[in-house]
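Below: the structure, in structure tokens.
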Amino acid sequence: MKHNFLAFIFTAAAIFIVGSTTMAQRNVAMAVERDPLMEADAKHNLDVAWNAYRLKKAYKGVLMRFEETYAAYPEFSKIDEFLYIAGMASYYLSEGKGNQKIDPKTEKNMEKYEPAKLKEDAVAYLSTIVDKYPESKYRDDAAKTLKVLRP
């Protein structure tokens, strides 16, 4: 009787362990842990960048906000949106557009703002959206701009 009881307990434990791991395998959902403070800061930077992009045509400002955010928090939930405006800002700057002109005499990091480097950055940012974020609402616009950048 004691032997049957121990066998039953052992069997039940084995079934529980196997069942638990099997159940866990079926319900695997990769969730990214997001830091609420970092999300809020990144969202603020995105809002400021959109303001600079749309209203002020301050494309250098957009890039500075993007670089700051991406360096600190590349897991930002709206990084595809930030990549889009950074890519477009790089593209427009490479074409000499916008209200912030690049002055070689005063610019400390001039090679960063060379037209060829800006186009290269624009391609990198927009390609990342197309490749890594196929569900992004910015994907189609990014793909259209890439066709212009890489004919």
Side-chain angles (χ1 to χ4, degrees), residues 12-151:
I15 290 171
F16 176 75
I17 291 170
V18 170
S20 298
T21 57
T22 303
M23 189 70 125
Q25 289 175 357
R26 275 187 262 153
N27 295 325
V28 173
M30 298 299 288
V32 175
E33 295 261 339
R34 302 212 190 273
D35 181 331
L37 292 174
M38 294 296 284
E39 278 288 313
D41 188 48
K43 176 72 170 98
H44 170 74
N45 279 344
L46 179 60
D47 291 342
V48 171
W50 269 119
N51 186 39
Y53 180 81
R54 286 186 181 133
L55 301 177
K56 299 178 182 176
K57 309 268 187 265
Y59 301 131
K60 282 175 54 179
V62 170
L63 294 177
M64 290 182 349
R65 288 286 178 161
F66 169 74
E67 291 164 359
E68 174 187 321
T69 303
Y70 193 75
Y73 191 54
E75 301 87 23
F76 178 40
S77 62
K78 296 184 176 194
I79 200 66
D80 62 317
E81 190 173 337
F82 227 145
L83 283 163
Y84 175 73
I85 61 171
M88 296 306 294
S90 294
Y91 171 54
Y92 292 145
L93 272 175
S94 75
E95 298 286 312
K97 297 178 181 174
N99 291 332
Q100 291 178 309
K101 300 303 176 196
I102 299 166
D103 185 2
K105 296 174 188 170
T106 59
E107 196 61 53
K108 292 178 184 175
N109 195 3
M110 189 55 203
E111 57 275 351
K112 175 180 173 178
Y113 296 109
E114 301 266 343
K117 173 70 170 117
L118 288 165
K119 281 187 181 181
E120 181 182 311
D121 290 346
V123 168
Y125 299 149
L126 298 172
S127 295
T128 300
I129 297 169
V130 171
D131 297 339
K132 290 180 80 174
Y133 303 98
E135 301 299 316
S136 173
K137 69 180 186 180
Y138 300 98
R139 187 195 180 286
D140 291 343
D141 286 341
K144 286 178 190 172
T145 304
L146 283 170
K147 287 180 183 177
V148 172
L149 287 166
R150 322 184 271 210

| Modelled atom types, side-chain donor and acceptor of Asp121 and Ser90, under 3.5 Å | no

Output every pair passing salt bridge (charged side-chain N to carboxylate O under 4.0 Å, His left out) with a member in [range], not counting sequence neighbours, ordered by first then second residue.
range	result
residues 139-151	none
residues 52-65	Lys60-Glu107
residues 40-51	Lys43-Asp47

Could you pull out all residues at least two apart from [X] that satisfy salt bridge (Lys or Arg N to Asp or Glu O under 4.0 Å)?
X	result
Lys137	none
Glu120	none
Lys78	none

| query | In Å, rounded to the nearest 0.5 Å, how long is the span from CD of Gln100 to CE of Met64? | reply | 7.0 Å

Taking side-chain hydrogen bond (donor to acceptor under 3.5 Å, both in side chains) as the test, write out the residues that go with [X], two or more places apart.
X	result
Glu95	Lys119
Ser94	none
Tyr113	none

| query | Testing Phe66, Tyr53, Tyr138 for ring-ring contact (aromatic ring centres under 6.0 Å, His included) with Tyr84, which one passes? | reply | Tyr138

| query | What pairs with Glu114 under side-chain contact (heavy atoms from CB on, under 4.5 Å), at least two apart in sequence or on another chain? | reply | Met110, Glu111, Lys117

| field | Closest heavy-atom pair and its distance - Ser77, Arg34 | value | CB-NE, 3.5 Å

| task | Measure across Val62 and Phe82 and return the closest heavy-atom pair with its distance rounded to 0.1 Å. | result | O-CE2, 4.4 Å

| Any side-chain heavy atom of Leu46 within less than 4.5 Å of one from Thr69? | no

| query | Is any side-chain heavy atom of Glu39 closer than 4.5 Å to a side-chain heavy atom of Tyr73? | reply | yes

Which pairs of donor and acceptor atoms, one on a side chain in residues 125-135, lie under 3.5 Å apart (sequence neighbours left out)?
from   : atom 1 : to     : atom 2 : distance (Å)
Ser127 : OG     : Val123 : O      : 2.7
Thr128 : OG1    : Ala124 : O      : 2.7

| request: Apply the test side-chain contact (heavy atoms from CB on, under 4.5 Å) to residues Glu81 and Phe76: give CA-CA distance (whole Å), side-chain angles for both, the deciding distance (0.1 Å), then the verdict. | output: CA-CA 10 Å; Glu81 190 173 337; Phe76 178 40; over 6 Å; no

| note | For Tyr91, the ring-ring contact (aromatic ring centres under 6.0 Å, His included) test, sequence neighbours excluded, returns none

